[in-house]
Amino acid sequence: MDDGARSVNVTARAARREPPGKGEKLADWADGRLGLYALAKANMRKVFPDHWSFMLGEVALYSFVVLILTGVYLTLFFEPSSVEVVYHGSYEPLNGVIMTRAFESTLDISFDVRGGLLIRQIHHWAALVFVTAMLTHMMRVFFTGAFRKPREVNWLFGWTLLMLGIITGLTGYSLPDDLLSGTGIRFAQGAILSVPIVGTYLSFFLFGGEFPGHDIISRLFPIHVLLLPGIMLGLVAAHLILVFYHKHTQYPGPGRGEKSVVGMPFLPVYMAKAGGFFFLVFGTLTLMGGIAQINPVWAFGPYRSDLVTTGAQPDWYLGFSEGLIRVMPGWEINLWGHTLALGVFIPFALFPLVMLAIGVYPFIEAWITGDKREHHILDRPRNAPVRTGLGVAWLSLYCVLLIGGGNDIVATHLHLSINAITWFVRVSVFVVPVLAFIVTKRICLGLQRRDRAKVLHGRETGTIKRLPNGEYVEIHEPLAQEQLFTLTQHEQNPPYEIGPLVDAGGVRRRVKRSQRLRARLSRAMFGPDTRIEKPTVEEYRELTSGDHGH
């Protein structure tokens, strides 16, 4: 066929253009009404940096998805009723025992619904992993300074999700009405009663009368399956939208700056990896649900207000709240005809106060530094010793209180006196966080010194060389340029200073108390005692310009 005939055929095919297919029509229809093409074009090739610690947030997200899926399945079979029935089911040891319909339906799910026990255990494990992943993700954000402008609002979203996750976990494991969950509800009711003046009213409202009441399960159920998950779903969506909008933070390195991102495109690379990671998380949770027993309610039996489960412990994320109450002295005072149970109320009030301090920390640090710039490059934790020390101090406090919350278990397993453990925790609550802060700060400063030495002298090679004067030295190998950049890219801005108290005219300047406080905090967090000055260009050139092999 010659060129003339070929061009005629192409022209003919163009003239009798085939009509668009159904898929193309649907895409055109959606794009004309939703603007999907422009949205996809702007975001589908968005670049995401790659680091293993970024997967902590993904684990939390995928665990939440598993929670929603398994929760929907369990909702189909669970009956949130406090009506008492006599059990006649598959679990023989409890036949003829009086229990609530909620506990009976939980037993039915565990023994009679196909796959019910597996789904129950996946749901419980996913809840534990969800809160764990959220906490570790927030700690990664905290230690690296990823909460700085413009991500303060996203930090608050994550903090709110953590708080709601804890509350959702409390409402969830209280629904089966077994002896363990009933003990936890009794603990919560006692804490509510300690609230001055309104505590009894709050308790009567929640429980529908004196404990245990008849309304608590029916009221916890919509909160657990509808209200809290709905709010959390909206917060997760808002959290992800802001991640897209602000672009993802990244660790320091060559080519990475406040306006440039080094990573992989959202489609197809990142989505393919994320999809595989989701199924990996789902598979791991399924494996845990299949082989690792958790919350065997049939072993505890139905809840009775006159019984307490031996060795009853809450899920780990509430252990420190119980530890606060267990180690607090049983103080009580009477004021104006009201008894204040300070031994319960003070720990009950400390829990939200500590969490509130974590939530507002980004705004406190921004006020101390006065830094209004956007930050997309993460800090290395060693370069912010005070912040890192505060984070480690909080974690150490949590671990101490977790020991206090399980003092009976620790005592029986390690054959120790429970009183000795209680007093150890009481002292450690004040001592351990301070020691953890001091040790962490010194470790960070030591790592900064090591970084400075590596920049100036290079990496130790292990090769020993004898100089003409008989001296033995170790040969150091210069670092690559990308390593030098990573170790020296961080800023070391001077702390906030009030300035001279007397102006040029000899008039004493008025300084607000807030300015004095800000200056003191700034020196404590970013002053000379909190950093090792990084090498200057002149120092580096002076040491590397000549024959400095050691």
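Source: prediction; values computed, not measured. In what follows, every heavy atom counts, from backbone to side chain, and hydrogens, waters and symmetry copies are set aside.
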Rounded to the nearest 0.5 Å, how far does CZ of R518 lie from CD1 of I368?
9.0 Å

Out of curiosity, L318 CG to Y173 OH, how far, rounded to the nearest 0.5 Å?
5.0 Å

Any sub-3.5 Å donor-acceptor pair from K149's side-chain atoms to K372's backbone N or O?
yes

Residue pair S514 / W367, side-chain donor-acceptor N/O under 3.5 Å
no

Pairwise side-chain contact, Y317 with L135, heavy-atom cut-off 4.5 Å (strictly under)
no

Non-hydrogen atoms of C444 and P385 that approach each other most closely:
CB-CB, 3.8 Å

Heavy-atom side-chain proximity of R450 to R382 below 4.5 angstrom:
yes

Using side-chain heavy atoms (C-beta onward) and a distance below 4.5 Å, is L397 in contact with V432?
no

Would you find a donor on one side and an acceptor on the other, under 3.5 Å apart, between the side chain of H376 and the backbone of T249?
no

Specify the closest pair of heavy atoms between L162 and M134, including all atoms of both residues, with the distance to one decimal.
CA-CE, 3.7 Å

Residues, nucleotides or ligands: over 12 heavy atoms within 6.0 Å of K273 NZ
no

Is there side-chain contact between I346 and M328, with heavy atoms separated by less than 4.5 Å?
yes

As a quick check of understanding, evaluate side-chain contact (heavy atoms from CB on, under 4.5 Å) for F437 and V386, giving each step before the final call.
CA-CA 8 Å; F437 174 83; V386 175; 4.1 Å; yes

Write down the atom of T530, the atom of R523, and the distance for their closest heavy-atom approach.
CG2-O, 4.4 Å

For the pair R151 (side chain) and H375 (backbone), establish whether a donor and an acceptor sit closer than 3.5 Å, ignoring hydrogens and angles.
yes

Looking only at heavy atoms, which two atoms of N154 and A238 are closest? And how far apart?
OD1-O, 4.4 Å

I'd like to know if the side chain of H476 reaches the main chain of H457, judged simply by a donor and an acceptor atom lying under 3.5 Å from each other, with no hydrogens or angles considered.
yes

Go through the structure and list residues passing salt bridge (charged side-chain N to carboxylate O under 4.0 Å, His left out) with D529, not counting sequence neighbours.
none

Looking at S428 and F424, would you say the former's side chain and the latter's main chain have a donor-acceptor pair under 3.5 Å?
yes

Please check if the distance between the ring centroids of F54 and Y251 is under 6.0 Å.
yes

For A126 and S63, work out which heavy atoms get closest and say how close.
O-CB, 3.9 Å

For Y496 and F526, I'd like to know if the aromatic rings sit close, meaning centre-to-centre distance below 6.0 Å.
no

E58 side chain vs A274 backbone, donor-acceptor pair below 3.5 Å:
no

May I ask you to decide if L479's main-chain N or O and R459's side chain share a donor-acceptor pair within less than 3.5 Å?
no

When you measure from the side chain of Q121 to the backbone N and O of I294, does any donor-acceptor pair fall under 3.5 Å?
yes

Check residues 354-363 and write down every donor-acceptor pair under 3.5 Å in which the side-chain atom is one partner and the other belongs to a residue at least two apart or another chain.
unit_1	atom_1	unit_2	atom_2	d
Y361	OH	E365	OE1	2.7

Between R256 and P49, is any pair of side-chain heavy atoms under 4.5 Å apart?
no

Restricting to non-hydrogen atoms, name the atom on S260 and the atom on G255 that form the minimum distance, rounded to 0.1 Å.
OG-O, 3.0 Å

Report the C-alpha distance between L61 and H239 in whole Å, list the side-chain angles of each, state the deciding distance to 0.1 Å, and finish with yes or no for side-chain contact (heavy atoms from CB on, under 4.5 Å).
CA-CA 11 Å; L61 174 63; H239 188 79; over 6 Å; no

Could you go step by step and tell me if Q492 and E533 meet the side-chain contact (heavy atoms from CB on, under 4.5 Å) rule?
CA-CA 8 Å; Q492 290 184 327; E533 295 296 330; 3.2 Å; yes

Would K534 and D451 pass as an ion pair if we require N to O under 4.0 Å?
no

Pairwise distance CG(L445) to CG(N383) - rounded to 0.5 angstrom
10.0 Å

NZ of K454 to CG of L484, rounded to nearest 0.5 Å, is 10.0 Å

For P478, does its backbone N or O pair with a side-chain atom of Q483 as donor and acceptor, under 3.5 Å?
no

How long is the straight-line distance from CG of L324 back to CG of L401, given to the nearest 0.5 Å?
4.5 Å

Parallel, tilted or perpendicular for F48 and F244, by the 30°/60° rule?
perpendicular

Ring-plane angle category for W155 and F142, please: parallel below 30°, perpendicular beyond 60°, tilted otherwise.
tilted

Report all side-chain donor-acceptor pairs from residues 186-193 shorter than 3.5 Å, counting only partners two or more places apart or in another chain.
unit_1	atom_1	unit_2	atom_2	d
R186	NH1	Q189	OE1	2.7
Q189	NE2	S203	OG	3.1

pair R380-P252: side-chain heavy atoms closer than 4.5 Å:
yes

Counting heavy atoms not belonging to E497, are there more than 12 under 6.0 Å from its CD?
yes

Less than 4.5 Å apart, any side-chain heavy atom of M288 and any of T284?
yes

Worked verdict on R531 versus H490 for side-chain contact (heavy atoms from CB on, under 4.5 Å)
CA-CA 11 Å; R531 65 189 183 193; H490 59 283; over 6 Å; no

Hey, are the side chains of T132 and W316 touching, using non-hydrogen atoms and a 4.5 Å cut-off?
yes

Donor-acceptor under 3.5 Å (T461 side chain, E477 main chain):
no

Kindly compute the distance separating CG (L235) from CG (L156), expressed to the nearest 0.5 Å.
10.5 Å

